[in-house]
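For reference, the structure is listed below as structure tokens.
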Amino acid sequence: MKMTGSQRSLYLLALILLLIAVALACAWTFWGGERAASDAVVTPAPSASDAPSPSAAILPTPTQQSAATNADASGAESTESAKAATMSTVVYYQDNYGYLVPVMCTLPYEDGVAKATLNKMIQSPENDMQAARLGLKTVLPEGTTIDLDISDGLARIDLGKEVLNMADAAAESNMIAAIVQALTEFNLETSVSTINSGELKPVTLYFPCESSSVVVPVTRMVYSNADVNTAVLELAKGPSTQSPLEDALPAGCGLIDVQVVDGVAQVNFTREFANLVQNTDGGRLALKALVLTCTQFDGVEEVEILVEGEPYDPGEGTLSVPSFANVADEIANDYIQTQANMIFAYE
């Protein structure tokens with residue numbers, strides 16, 4: 001693929017604007033964080049190993065009086081810790097084709113992680129800027145208000161009237177699916193309403209997205225056993241013909257077999273697998289998709305690749321099991337790098 005001079009100039013301009021936008025977002029985040037820290041003192045952040053999940057309960061933030069008492073006792077050190085307080089949560093965005101993408105994000109610590117998560121999904125200059133850094137989009141309309149009550153394991157959500165003016169039915173469906181994503185599990189590839197769904201079993205497959213540096217989870221209904229063998233076989237088939245997602249494996253690559261030995265899934269491919277390195281990113285996203293697809297199953301802790309029965313070395317760290325499918329900081333860096341490569345790698 002070659003670019004004309006005008007195409008290269010437009011693409012370079014787009015990258016420059018993206019970099020400027022990222023710089024402005026970082027400056028805004030820093031300025032906003034400093035202002036918030038001067039207004040109130042919050043509790044110190046939990047350690048990385050204790051980072052709460054989206055459904056985990058968050059302890060209430062101390063009142064101004066108790067915070068002042070703690071500050072008097074511990075001095076400047078506690079104040080500095082409070083400024084750095086953050087929490088981890090999963091925010092759901094959508095890509096350019098409408099696929100929902102879960103992203104692990106770090107937010108300023110506040111009481112009520114569930115509502116904070118939903119607020120990050122609302123269109124606004126700040127939220128849209130952060131989503132754009134990932135090559136993604138927010139899913140709730142601008143100005144949406146959220147009244148959330150969680151009791152006895154049931155979340156009751158009252159949304160503002162803004163959600164009545166969605167662009168179309170697809171946008172409305174995506175908004176609802178994003179909100180209840182923790183219960184509905186990923187993107188269902190096809191409707192099963194017209195067949196006996198009792199005979200089908202779901203497997204989750206991960207495919208790279210061509211529009212950003214993310215892997216998209218897709219739920220495929222299969223008649224076979226929902227195990228690692230079936231999942232890798234379905235992954236080798238690629239996404240559905242109507243899907244804009246990319247193949248995780250190179251064209252012509254076949255699966256010979258999958259064996260799980262002592263927690264290691266040994267996946268044996270045909271020789272075409274070696275063509276994976278020709279991908280723009282060297283095949284890193286495809287390998288990540290393969291690892292996530294395999295390690296979703298109990299008893300599979302690692303992945304080993306064989307090509308025609310011989311061990312294959314894809315490169316250091318490329319088969320490590322990620323802590324989460326998509327992490328915001330990693331996506332932003334990869335997305336900018338990919339855009340730069342697309343500009344300068346072509347003649």
Side-chain angles (χ1 to χ4, degrees), residues 1 95 99 101 186-187 189 203-220 222 224-327 330-331 334-335 337-338 341-342 345-346:
M1 176 180 178
D95 66 7
Y99 281 100
V101 180
F186 302 139
N187 304 282
E189 188 175 59
V203 293
T204 300
L205 313 175
Y206 291 82
F207 293 107
C209 178
E210 66 176 7
S211 62
S212 57
S213 300
V214 300
V215 288
V216 177
V218 174
T219 297
R220 179 172 295 177
V222 298
S224 306
N225 293 328
D227 55 23
V228 63
N229 302 70
T230 299
V232 178
L233 179 61
E234 293 297 325
L235 188 72
K237 294 179 181 178
S240 67
T241 55
Q242 298 82 19
S243 172
L245 298 176
E246 295 185 338
D247 287 316
L249 304 179
C253 178
L255 175 66
I256 298 176
D257 63 19
V258 180
Q259 298 183 18
V260 179
V261 180
D262 297 330
V264 180
Q266 299 174 339
V267 188
N268 192 11
F269 292 110
T270 58
R271 63 179 181 275
E272 289 81 8
F273 182 86
N275 296 330
L276 193 68
V277 296
Q278 298 177 8
N279 290 9
T280 304
D281 65 347
R284 288 187 303 110
L285 268 185
L287 290 171
K288 184 177 183 179
L290 174 62
V291 170
L292 287 168
T293 298
C294 291
T295 55
Q296 68 180 288
F297 299 99
D298 292 339
V300 179
E301 300 175 357
E302 299 179 24
V303 176
E304 178 183 347
I305 295 177
L306 306 175
V307 175
E308 303 285 355
E310 297 295 325
Y312 177 80
D313 182 10
E316 183 178 359
T318 52
L319 290 181
S320 59
V321 180
S323 58
F324 194 77
N326 302 297
V327 179
E330 296 175 3
I331 298 172
D334 289 345
Y335 182 64
Q337 184 63 46
T338 300
N341 289 341
M342 291 180 66
Y346 295 103

Thr204 and Pro217 have their tightest heavy-atom pair at CG2-CB, 4.2 Å

Taken to the nearest 0.5 Å, the spacing of Lys288 NZ from Ser213 OG works out to 9.5 Å

* Working for side-chain contact (heavy atoms from CB on, under 4.5 Å), residues Ile305 and Leu287 -> CA-CA 10 Å; Ile305 295 177; Leu287 290 171; 3.7 Å; yes

To the nearest 0.5 Å, atom CG of Asp313 lies from atom CD of Glu304 at 10.5 Å

Residues passing the side chain to side chain donor-acceptor pair (under 3.5 Å) test with Ser224, sequence neighbours excluded, are none

Quick one: does any side-chain atom of Thr293 pair with a main-chain N or O of Ala289 as donor and acceptor, under 3.5 Å? yes

Could you tell me whether the side chain of Arg220 and the main chain of Leu205 form a donor-acceptor pair under 3.5 Å?
-> no

Interatomic distance, CZ@Phe269 vs CG@Leu290, rounded to 0.5 Å, equals 5.0 Å

Separation between OH (Tyr206) and OG1 (Thr295), nearest 0.5 Å, reads 7.5 Å

- Is there side-chain contact between Cys209 and Leu245, with heavy atoms separated by less than 4.5 Å? yes

Between Gly238 and Asp247, the two heavy atoms sitting closest are CA-OD1, 3.3 Å

Identify all side-chain donor-acceptor contacts of residues 248-268 below 3.5 Å with residues at least two apart in sequence or on another chain.
residue : atom : partner : partner atom : Å
Asn268  : OD1  : Glu308  : N            : 3.3
Asn268  : OD1  : Gly309  : N            : 2.9

Residue set satisfying side chain to side chain contact (heavy atoms under 4.5 Å, CB included) with Asn225, at least two apart, ordered chain then number -> Asp227

Nearest heavy-atom contact between Val291 and Ser320 is CG1-O, 4.0 Å

Distance col, row Glu246:CD vs Leu285:CG, nearest 0.5 angstrom, shows 8.5 Å

In terms of heavy-atom contacts, Ala226 and Phe297 come closest through O-CE2, 3.3 Å

